[in-house]
Amino acid sequence: MNIDPSFARAYAGICEANLALYEITNSVDNFTNAEIACEKAQSLNIDSNSEVKIALGRLYRVRGLYQKAEDILLKAIAISPTEVDAYIELGEIYSAQKKFDNAEAYFLRAIDLKRNYWKAYESLANFYYTKEQYSDSANTYEIVARLTPDSSKGYLGKGSAYWMLGDTKRALQAYERSLELNPSRQAYTNLGMFYYYAGQFEQAVGMQLKALEFAETDHRVWGRLAESYRFIPAQESESQYAYKRAAELARDNLQINKEDWHTRAILGLYLVHLDEPAEGMNLLEAAIEQSQRNPEILYFKALAVLQEDDTEQAIKLLEEAIAHEQYYKQFIALDPDLKRLQDDPRFISLMPTAE
């Protein structure tokens, strides 16, 4: 930048790098730095460079400004019809809006344009995960792992997909391999979730604390730390502190993207645990509507109403979540918050059956 302060592509690169950091850390500072760099790139972009437009499109997408993102990315493609990253970003935008046919078409187009480009396969694998096609996701992450043998990316994704498939052995192997290659927030927090559902809460806390060393501003890690502390005797104050920190950070993230129904829902659950049920339930209801009754959000609401001892509504929400997505049976069977329902016949009927 000191060599040529008017070089728009360099500012676009700074924008992209900070957006990548934001998606890892959830740090508002990273997003602010990305926004400043993108605005500078745009002001210098006299020649309508496609790379600058792609960076802006990604920025708008992360902000939840999907139409603006789509418009500018289509302009990037008009300038450079073989620009792979523009097609990937368009796929991400359509996926976020649940326009799944459009999303898949753009991800596949990106792969057609550049067969050995790992980012295209990673985006397709993430897409399959979002669509709950977990076998397809695991298989596509395997391609990512082959294309990036020294990176943890493929193994992290495979671990998550195997986890959803109920193959905990392969999930654990993938997470452990990812740590061997490259310790990361995602690997540690996912291992923490593994221990949490196994009832090993001390180990879960240890993994989440490790994750915070990589992403101290990530509300998801603080939230998982809080829930792990809840099941350890005499750790109530630590749990409440972690929930409070998680809620503060989640509110910051919602200021960036008001379309982020997942963060809205998890904030609602944090607030219920902080004894602020009115606001928490309102946020959860808004997220359920916004997400078109996504099963994960229904699951969150079930956990929330159970904190208010409403077992009837909790079971109804769990039934609806499983009707949408059978894979949630494994979490319902292991979730320590749901142990109180284990003698209820309707809850028993939701349990996975032995094959």
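Because only heavy atoms are used, hydrogens play no part in the values below, and waters and symmetry mates are left out as well, while side chains stay in.
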Close side-chain approach of Leu191 and Leu172, heavy atoms under 4.5 Å: yes
Arg245: salt bridge (Lys or Arg N to Asp or Glu O under 4.0 Å) partners, not counting sequence neighbours: Glu248
Derivation of the side-chain hydrogen bond (donor to acceptor under 3.5 Å, both in side chains) call for Arg230 and Gln235: CA-CA 6 Å; Arg230 273 198 299 120; Gln235 299 291 311; over 6 Å; no
Within-4.5 Å side-chain heavy-atom neighbours: Leu317 and Val305: yes
Check: Tyr327 ring centroid to Tyr134 ring centroid under 6.0 Å: yes
Listed partners of Asn126 passing side chain to side chain contact (heavy atoms under 4.5 Å, CB included), at least two apart: Glu122, Tyr141
Parallel, tilted or perpendicular: rings of Tyr243 and Tyr270 (30°, 60°): tilted
Glu216, CD atom: more than 12 neighbouring heavy atoms under 6.0 Å: no
For Asp309, all residues meeting salt bridge (Lys or Arg N to Asp or Glu O under 4.0 Å), sequence neighbours excluded: Arg340
Sequence neighbours excluded - salt bridge (Lys or Arg N to Asp or Glu O under 4.0 Å) pairs with any residue from residues 273-289: Arg251-Glu279, Glu285-Lys301
Derivation and outcome, side chain to side chain contact (heavy atoms under 4.5 Å, CB included), residues Gln67 and Tyr60: CA-CA 9 Å; Gln67 190 58 57; Tyr60 293 147; over 6 Å; no
Residue pairs fulfilling salt bridge (Lys or Arg N to Asp or Glu O under 4.0 Å) with at least one residue in residues 180-191, sequence neighbours excluded: Arg177-Glu180, Arg185-Asp218
same_hphob_cluster(Leu59, Ile36) at 4.5 Å side-chain heavy-atom cutoff: no
Spacing of NZ belonging to Lys244 relative to CG belonging to Leu274, to within rounding of 0.5 Å: 9.0 Å
Side chain to side chain contact (heavy atoms under 4.5 Å, CB included) assessment of Tyr129 paired with Met164: CA-CA 9 Å; Tyr129 188 92; Met164 291 303 296; 3.3 Å; yes
From CG (Leu283) to CD1 (Ile288), nearest 0.5 Å: 11.5 Å
Side-chain (Thr148) to main-chain (Val144) donor-acceptor, under 3.5 angstrom: yes
Side-chain heavy atoms of Tyr241 within contact of Leu225, under 4.5 Å: no
Please tabulate, for side-chain N and O atoms in residues 149-156, each donor-acceptor pair with protein atoms closer than 3.5 Å (sequence neighbours left out).
unit_1	atom_1	unit_2	atom_2	d
Ser151	OG	Lys153	N	3.2

Same apolar cluster (I L V M F W Y, side chains within < 4.5 Å links), Leu254/Val272: yes
Step-by-step ring pair (Phe, Tyr, Trp, His ring centres under 6.0 Å) determination, Phe331 to Trp163: CA-CA 10 Å; Phe331 298 110; Trp163 176 254; 5.7 Å; yes
Under the salt bridge (Lys or Arg N to Asp or Glu O under 4.0 Å) test, residues paired with Asp112 that sit two or more places apart: Arg115
Any pair counted as salt bridge (Lys or Arg N to Asp or Glu O under 4.0 Å), so long as it reaches residues 79-90, sequence neighbours left out: Arg58-Glu89, Arg61-Glu89
Atom of Ala37, atom of Ile14 and distance for their closest heavy-atom approach: CB-CG2, 3.7 Å
Contact check, side chains of Met207 and Asn190, non-hydrogen atoms, under 4.5 Å: no
Minimum heavy-atom distance Phe347-Gln342, with the two atoms named: CD2-CA, 3.8 Å
Nearest heavy-atom neighbours spanning Ala247 and Leu271: CB-CD2, 4.4 Å
Single-linkage hydrophobic cluster, 4.5 Å side-chain cutoff, Ile24 and Leu179 together: no
Pairs satisfying side chain to side chain donor-acceptor pair (under 3.5 Å), at least one member in residues 193-202, at least two apart: Gln200-Gln203
Ignoring hydrogens and angles, write down the donor-acceptor pairs under 3.5 Å from the side chains of residues 97-107, residues two or more places apart or on other chains.
unit_1	atom_1	unit_2	atom_2	d
Gln97	NE2	Ile93	O	3.3
Lys98	NZ	Ser291	O	2.6
Glu104	OE2	Tyr128	OH	3.3

Note, Glu259 side chain near Tyr66 side chain (heavy atom, < 4.5 Å): yes
Partners passing salt bridge (Lys or Arg N to Asp or Glu O under 4.0 Å) against Glu319 (at least two apart in sequence or in another chain): Arg346
For the student: nearest non-hydrogen atoms of Tyr87 and Ala110, plus distance: CB-CB, 4.1 Å
Residue pairs passing the salt bridge (Lys or Arg N to Asp or Glu O under 4.0 Å) test where at least one lies in residues 155-171, sequence neighbours excluded: Glu142-Lys158, Asp167-Arg170
Pairwise side-chain contact, Glu325 with Tyr328, heavy-atom cut-off 4.5 Å (strictly under): yes
Joint cluster assignment, Leu113 & Leu90, ILVMFWY side-chain distance < 4.5 Å: yes
Worked verdict on Gln208 versus Ser228 for side-chain hydrogen bond (donor to acceptor under 3.5 Å, both in side chains): CA-CA 9 Å; Gln208 301 303 347; Ser228 299; 5.3 Å; no
Lys131, NZ: over 12 other non-hydrogen atoms inside 6.0 angstrom: yes
Smallest separation among heavy atoms of Ala69 and Gly57, with atom names: CB-O, 3.4 Å
Lys329 atom NZ: more than 12 heavy-atom contacts under 6.0 Å: yes
Heavy-atom closest pair, residues Gly166 and Gln330: CA-OE1, 3.1 Å
Residue pair Arg220 / Thr189, side-chain donor-acceptor N/O under 3.5 Å: no
Steps toward ring pair (Phe, Tyr, Trp, His ring centres under 6.0 Å) verdict (His262, Phe300): CA-CA 10 Å; His262 191 275; Phe300 289 161; 5.6 Å; yes
Check: Ser80 side chain, Ile77 main-chain N or O, donor-acceptor pair, under 3.5 Å: no
Side chain proximity check, Asn257 to Val62, heavy atoms < 4.5 angstrom: no
Intermediate values then yes/no, side-chain hydrogen bond (donor to acceptor under 3.5 Å, both in side chains), Asn33 and Tyr22: CA-CA 10 Å; Asn33 291 336; Tyr22 175 69; over 6 Å; no
Residue pair Asn26 / Leu249, side-chain heavy-atom distance below 4.5 Å: no
Chi angles and distances behind the side chain to side chain contact (heavy atoms under 4.5 Å, CB included) call for Val28, Thr217: CA-CA 8 Å; Val28 173; Thr217 55; over 6 Å; no
Shared hydrophobic cluster for Val84 and Tyr94 (ILVMFWY, side-chain gaps under 4.5 Å): yes
